[in-house]
Colleague: 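Take this structure, written in structure tokens, and hold onto it; I'll ask about it next.
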There are 2 protein chains.
Amino acid sequence: MPDQSWLTPAIRRAAIARTLTTGEPLFRLGDKSAGLCEIVSGRVRLARVDRTGHETVLHVAGPGETIAEASLFSPHYQCDAIASTHAVVRIYPKAAILAAFEADRKAAQAFTAMLAHQVMDLRTRVERRNIRSARERVRHYFALNTGADGRTVGLHGTLKDLANELGLTHEALYRTLAVLERSGEIRKEEGHIVLLRAPKI
Amino acid sequence: MPDQSWLTPAIRRAAIARTLTTGEPLFRLGDKSAGLCEIVSGRVRLARVDRTGHETVLHVAGPGETIAEASLFSPHYQCDAIASTHAVVRIYPKAAILAAFEADRKAAQAFTAMLAHQVMDLRTRVERRNIRSARERVRHYFALNTGADGRTVGLHGTLKDLANELGLTHEALYRTLAVLERSGEIRKEEGHIVLLRAPKI
DNA sequence: CGGCGTTTTGAGAGAGCTCAACATCGGTGG
DNA sequence: CCACCGATGTTGAGCTCTCTCAAAACGCCG
């Protein structure tokens, strides 16, 4: 889904595939930054370890996500990246990316635009998490994820995935959807949900 | 706090100050994008209105934040921006920014780097919100916001602001801090908090 | 058919929210 | 100088909603 027009053929050609076993580090805090990384499969967590040895997770990245974008402009990685599952990643070397951006203004601009969109998307997620009520949180998601008709919400992945995205347990999500469906606000269909009418607040 | 080295003198000179009264729109979905915007004081909310007339808030921006970064690369704004309070903003015209980035590669790179850092910061906030327990959420924040000594957490703004940032009510935060202090894990001092020892899980 | 993951419903407990009261502090104006 | 006001900080008590744990139905695939 994210715009990948910044990923020029030259960068793609320079990509390095790497396989990680569970627990294997991709890079460590302070390592010389090799470039940014796209998760192909599995999960990779970004974390920091404080002086007491406790690990604090910054983010868990899944398939399709890119991590360590900031390392393009920094000589070292700013946190640890460790495979949480068996994982396959593609590393796009810093030199290749910076050279491509130097040569192709449009690509560099597309990269910046992609980051700007991600910022907006993430701000929206944070805003959604500010909503306490499960029902309102689900409505917030639906309202912002309708297709062109403004009434259909596509479901990519399972409902468990959606529950995770919304910060709810899957049980809570099932119950909420059941309530909304019983009240006639939505209808569940194969692979998508149809918004039937405005909520009665 | 955010790196503003992308804000070159030329861009600064081109800035347009604007004052908004509560409820006044800064821009609307579909408007021709004038440029990006920095909030000087007050609050501006970004929102979309669906066909039923219901407004869905994407983000509430406060002093120091910039909004509409994505509009630099799009001919139109992608949502509404409306003052939630009396507000003062600075608009940096798109043309001035793009010209500055064209002339000064370093500035363009600094802008991209700033966005990359914001992405990481926002991902971390989302990750924090995945933690249900108030105590663990507070610990997560502390662990990632210590100063150079690794034991001091500066408090910018009020505790209510912090509670909001953490997605807790201020009462819940007060209680949690009180518990942590009683257990000897932290000490509250003027304008900052000192981490005394590792949590006993 | 059997096993695994998703979906679904039930019952109970606990954590945080809500409402309420009060203390504290800084500013403002009479 | 003091009374007043608003915002922050603090603690209490009760309640609601979601989480947790459990169990079962369902669908898919080998």
Side-chain angles (χ1 to χ4, degrees), chain A residues 41-43 62-63 84-86 125-142 153-183 185-194 199 201, chain B residues 22 41-43 60 62-63 84-86 125-142 153-183 185-194 199 201:
Chain A
S41 69
R43 305 208 159 271
S84 288
T85 66
H86 180 83
R125 283 190 208 201
V126 171
E127 189 65 35
R128 182 175 303 131
R129 298 301 185 93
N130 282 339
I131 304 171
R132 322 261 181 213
S133 149
R135 189 178 309 185
E136 287 308 317
R137 213 182 276 186
V138 169
R139 281 178 181 150
H140 187 274
Y141 178 84
F142 285 169
V153 181
L155 295 177
H156 314 294
T158 68
L159 286 179
K160 284 183 88 161
D161 294 336
L162 178 57
N164 194 53
E165 156 78 29
L166 294 177
L168 298 171
T169 59
H170 60 280
E171 296 99 320
L173 176 60
Y174 291 134
R175 281 187 244 270
T176 303
L177 290 178
V179 169
L180 291 180
E181 188 160 30
R182 269 198 293 278
S183 79
E185 189 172 325
I186 65 169
R187 191 172 59 236
K188 280 201 274 184
E189 297 183 2
E190 263 300 303
H192 62 273
I193 284 177
V194 182
I201 304 173
Chain B
T22 304
S41 69
R43 306 209 158 270
V60 180
S84 289
T85 66
H86 179 84
R125 282 189 209 204
V126 171
E127 189 65 35
R128 182 175 302 133
R129 298 301 184 94
N130 283 337
I131 303 171
R132 320 263 181 212
S133 150
R135 190 178 309 186
E136 288 307 317
R137 212 181 276 185
V138 169
R139 281 179 180 150
H140 186 275
Y141 178 84
F142 285 168
V153 181
L155 295 178
H156 313 293
T158 68
L159 285 179
K160 284 183 89 160
D161 294 336
L162 178 57
N164 193 54
E165 157 78 29
L166 294 177
L168 297 172
T169 58
H170 59 281
E171 295 99 321
L173 176 61
Y174 291 136
R175 281 187 246 270
T176 303
L177 290 178
V179 169
L180 290 180
E181 187 159 31
R182 269 198 294 276
S183 79
E185 190 173 327
I186 64 168
R187 189 174 60 235
K188 281 201 273 183
E189 297 183 2
E190 263 301 302
H192 63 273
I193 284 177
V194 182
I201 303 173

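So that the names make sense, note that chain A is the first sequence line, chain B the second, and so on, each numbered from 1. What's counted below: heavy atoms across the whole structure, side chains too, no hydrogens, waters or symmetry copies.
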Colleague: Under 4.0 Å between a side-chain N/O of Lys188(B) and OP1 or OP2 of dT10(D), yes or no?
Modeller: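 Checking Lys188(B) against dT10(D): at least one side-chain N or O falls below 4.0 Å of OP1 or OP2.
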
Colleague: For the CD1 atom of Ile193(A) and the CG atom of Leu180(A), what is their distance to the nearest 0.5 Å?
Modeller: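 So the gap between those two atoms works out to 8.5 Å.
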
Colleague: Using only side-chain N and O atoms of Thr169(B), determine if any of them is under 4.0 Å from OP1 or OP2 of dG16(C).
Modeller: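 Answer no for this pair, as no side-chain N or O of Thr169(B) is under 4.0 Å from OP1 or OP2.
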
Colleague: Specify the separation, in whole Å, of atom CD of Glu171(A) and atom P of dA24(D).
Modeller: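 Going from CD in Glu171(A) over to P in dA24(D) covers 16 Å.
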
Colleague: Just checking Gly157(A): base, sugar-phosphate only, or nothing, at a heavy-atom cut-off of under 4.0 Å?
Modeller: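 Answer is nothing: Gly157(A) stays at 4.0 Å or more from every strand.
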
Colleague: In whole angstroms, how far is the P atom of dT10(D) from the CG atom of Leu177(B)?
Modeller: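 Interatomic distance, CG of Leu177(B) to P of dT10(D): 9 Å.
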
Colleague: Any donor-acceptor pair, under 3.5 Å, between the side chain of Arg175(A) and the base of dG10(C), if you only look at N and O atoms?
Modeller: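 It does, because a donor-acceptor pair links the side chain of Arg175(A) to the base of dG10(C) below 3.5 Å.
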
Colleague: Starting from P on dT8(C), measure out to CD on Glu181(A) and report it in whole angstrom.
Modeller: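 To the nearest whole Å, that distance equals 9 Å.
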
Colleague: Testing the basics here: between Tyr174(B) and Leu159(B), what is the closest heavy-atom pair and its distance to 0.1 Å?
Modeller: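 Where Tyr174(B) meets Leu159(B) most closely, the heavy atoms are CE2-CD1, 3.5 Å.
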
Colleague: Ignoring hydrogens and geometry, is there a side-chain-to-backbone donor-acceptor pair from Arg137(B) to Ile131(B) under 3.5 Å?
Modeller: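 Yes; judged by distance alone, with no hydrogens or angles, the pair exists.
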
Colleague: Please report the distance, rounded to the nearest Å, between CZ in Arg182(A) and P in dT9(C).
Modeller: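 Distance, rounded to whole Å: 7 Å.
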
Colleague: Starting at atom NE2 of His170(A), determine the distance to atom P of dC19(D), rounded to an integer number of angstrom.
Modeller: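 Going from His170(A) (NE2) to dC19(D) (P), I get 11 Å.
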
Colleague: Let me know, please, whether Arg132(B) or Thr158(B) comes out on the 5' side of the other along DNA chain D by nearest nucleotide.
Modeller: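 Residue closer to the 5' terminus by nearest nucleotide: Thr158(B).
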
Colleague: Between atom OH in Tyr174(A) and atom P in dG10(C), what is the gap in whole Å?
Modeller: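 Distance, rounded to whole Å: 16 Å.
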
Colleague: Between P on dT20(D) and CG on Leu168(A), what's the gap in Å once rounded to a whole number?
Modeller: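 Result: 12 Å.
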
Colleague: Please check this pair: side chain of Glu189(A) against backbone of Val194(A), looking for a donor-acceptor N/O pair closer than 3.5 Å.
Modeller: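 No: the side chain of Glu189(A) does not pair with the backbone of Val194(A).
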
Colleague: Would you mind reading off the distance between Ile131(B) atom CD1 and dC19(D) atom P, rounded to a whole angstrom?
Modeller: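 Result: 15 Å.
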
